[in-house]
Q: 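Just dropping this structure here.
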2 protein chains.
Amino acid sequence: MYETLGYAARTARAPLEPQRFERRALGGADLLLEIAYCGVCHSDIHQARDEWGGATFPMVPGHEIVGTVVATGAAVKRFRAGDRAGVGCMVDACRRCASCLRGLESYCEQHVSWTYNGTEQDQKTPTQGGYSTQIVVDERFALRIRADQPLERVAPLLCAGITTWSPLRHWKVGAGSRVAVAGLGGLGHMAVKLAASLGAEVTLLSTSAGKRADAARLGAHDFVLVTDDDAMARARGRFDLVLDTVSAHHPLARYLELLRLDGTLVLVGAPDKPLEVGAFSLIPRRRSVAGSLIGGIAETQEMLDWCADHGIGADVETIPVSAVNEAYERMLRSDVRYRFVLDVASLRR
Amino acid sequence: MYETLGYAARTARAPLEPQRFERRALGGADLLLEIAYCGVCHSDIHQARDEWGGATFPMVPGHEIVGTVVATGAAVKRFRAGDRAGVGCMVDACRRCASCLRGLESYCEQHVSWTYNGTEQDQKTPTQGGYSTQIVVDERFALRIRADQPLERVAPLLCAGITTWSPLRHWKVGAGSRVAVAGLGGLGHMAVKLAASLGAEVTLLSTSAGKRADAARLGAHDFVLVTDDDAMARARGRFDLVLDTVSAHHPLARYLELLRLDGTLVLVGAPDKPLEVGAFSLIPRRRSVAGSLIGGIAETQEMLDWCADHGIGADVETIPVSAVNEAYERMLRSDVRYRFVLDVASLRR
């Protein structure tokens, strides 16, 4: 067992505090990863505060984990000590169901072991996340990170990156596609970068005029202020895909109008209350509203390799782990461009 | 010009009454169709009572029209006098936009000329529907009906048939597909017949236990009572497609749970108020909610031919046109199995 120092929420109403806990002993297929950085995802707040229900405490959040392999089990084949590696939103799945066999482990029909606030495949042992010094993970759920990549900018790819990459790929975005990204936060800024890198014509939809310059800098070709009725009317019927990263409640009808025939609005943000969908927003152009999770492991690796090849990383603000509670407050005010990353070395000093 | 006798709503609050009006003179590409039967669609009520807004009066409803060609313009190639023909929900479209060129005239980007409560391509001349003795229509928007088909059972195929056929085809339903049909009315009963004829395993979802026997008779392989929590739980994750024909407000979350990975719920009924869609109903299995209209002309012909080949017609109750107001009231009580068809010959007596 590996004694580990992390930052944990002890209850839904408590700030995160230092906590010691144990990682499992290294199994034959396991890696021990010394964590260098961990991104801070909005879902960390939702779960640490039990806003989605069913949270278990104490909870060490964090699922945008990057670091260095320091030990490997006897059967490990794809990693060795000294390699860089990442862990995303899941650390295991059944590996046998139709979804797992198709490489869609996040849609496992049996049980996904989420990286924290979840359980291992025994459905009992709690999992703990990356706001901590180290993690033990099966190599099949670890991702390869090239040695030349800036680790702190890679960390958010493990959730924000794959959550936006997966729908872009599933809905076949490429050259000639017209993609609108709704919302410019952690997910949105990755969506803009990734969609542009795939050759799409990218438009940012935002309720904040102040995001216009950043949208262009990140690679968007156009910007539409959602509160500007004329601009929205001009954009009507224009997009193949609206990638909706907004996690606050918002009027879907306005966004659906922007889709062309057979266009799809994909929810990747997760508003806690249901959204309203009018039949007349969908029927006349055979539009769809879909939802999408993170991708599977192979797709996550594909995305990491793509980002390395194309020089894509997240825009981050690196902070010590002790600043995480303040970071949560700033995230709730959208005061970060565009992802906090915890410098986990700060826990070892 | 052809003097025509129809039944019209003169205002949104008036019952339908006999009214004389004129059909245009026969153009080179036009057919004059003596109408034999016209199906009564739920949308006729919505429009005659202006429940969707924007209705124009006087209004002769009816878009499930079948009859016999009695005259043809000089340029008509595909029909001659004596042929049987049908007219569905549209009588024209721009014929030049990307949708029209793909045979998706109902999704015309310029202007669909709906069969009634619409306008011709000049966007001024009102159209009038099939609760009337005859209609003049461009042959490109007329459908061929085989001489051996029972006309009154064919009529509802022109709307109820194609509205359910088009999504079954678009979402590639066939042998091995698992399809649930929500609601057993005019649309639902056609959806069950057509999905079964395509080789799908069909389940009827209904809030009425009394529909179980009819569902089986129409070809459904299974029946789930939507109010039975245990039965609904057992059906969770089972279907590739839920074809939702319910036009009353209903809780989508219950139906979405029934979809497997990448499954789609297609709205073809059109509740007038928005439906609630929770992000968590969609995201964990990458589900979609879509809407679908009637199909294009070529697809409508394909469906009519399929139905002729497979002995499929609507289950109808044939009534004189003078009974249409009473029929509306019975439809609002779901007191019809499953489509009223007006015997238009009753207007000529």
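Lettering follows sequence order; numbering is per chain, from 1. Computation of the quantities below employed the complete heavy-atom set of this structure, encompassing side-chain atoms and omitting hydrogens, waters and symmetry-equivalent molecules.
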Q: If you count heavy-atom pairs within less than 4.5 Å of chain A, which of B/D244, B/V266, B/I294, B/I283 leads?
A: B/I283
Q: Please classify the contact of A/L261 with chain B as side chain, backbone, both or neither, using a heavy-atom distance under 4.5 Å.
A: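 A/L261 touches chain B through side-chain heavy atoms alone.
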Q: Which atom pair, heavy atoms only, marks the closest approach of A/G269 to B/A279?
A: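 Closest approach of A/G269 to B/A279: O-CB, 4.3 Å.
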Q: Who among A/G278, A/S292, A/S166, A/S281 has the most heavy-atom pairs with chain B under 4.5 Å?
A: A/S292
Q: Using heavy-atom distances under 4.5 Å, tell me whether B/D262 contacts chain A through its side chain, its backbone, both, or neither.
A: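 It is the side chain, since no backbone atom gets that close.
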Q: Less than 4.5 Å to any heavy atom of chain A: does that hold for the side chain of B/L104, its backbone, both, or neither?
A: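 Looking at B/L104, just its side chain touches chain A.
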Q: Please give me the minimum heavy-atom distance between A/F280 and B/A270, naming the atom from each residue.
A: CZ-CB, 3.8 Å
Q: Provide the closest heavy-atom pair for A/P284 versus B/Y107 in the form atom of the first, atom of the second, distance.
A: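 The answer is O-CD2, 3.0 Å.
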Q: For residues 170-191 of chain B, pull every pair meeting side chain to side chain donor-acceptor pair (under 3.5 Å), keeping only residues two or more places apart or in separate chains.
A: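 Only A/R286-B/H170 qualify under side chain to side chain donor-acceptor pair (under 3.5 Å).
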Q: Please flag which part of B/R287 lies under 4.5 Å from any non-hydrogen atom of chain A: side chain, backbone, both or neither.
A: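 Contact with chain A involves the backbone of B/R287 alone.
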Q: Could you check whether atom CZ of B/R95 has more than 12 heavy atoms from other residues, nucleotides or ligands sitting under 6.0 Å from it?
A: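 Check passes, neighbour count above 12.
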Q: Check each atom of B/L293 against the heavy atoms of chain A and say whether the ones under 4.5 Å are side chain, backbone, both or neither.
A: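 B/L293 touches chain A through backbone and side-chain heavy atoms alike.
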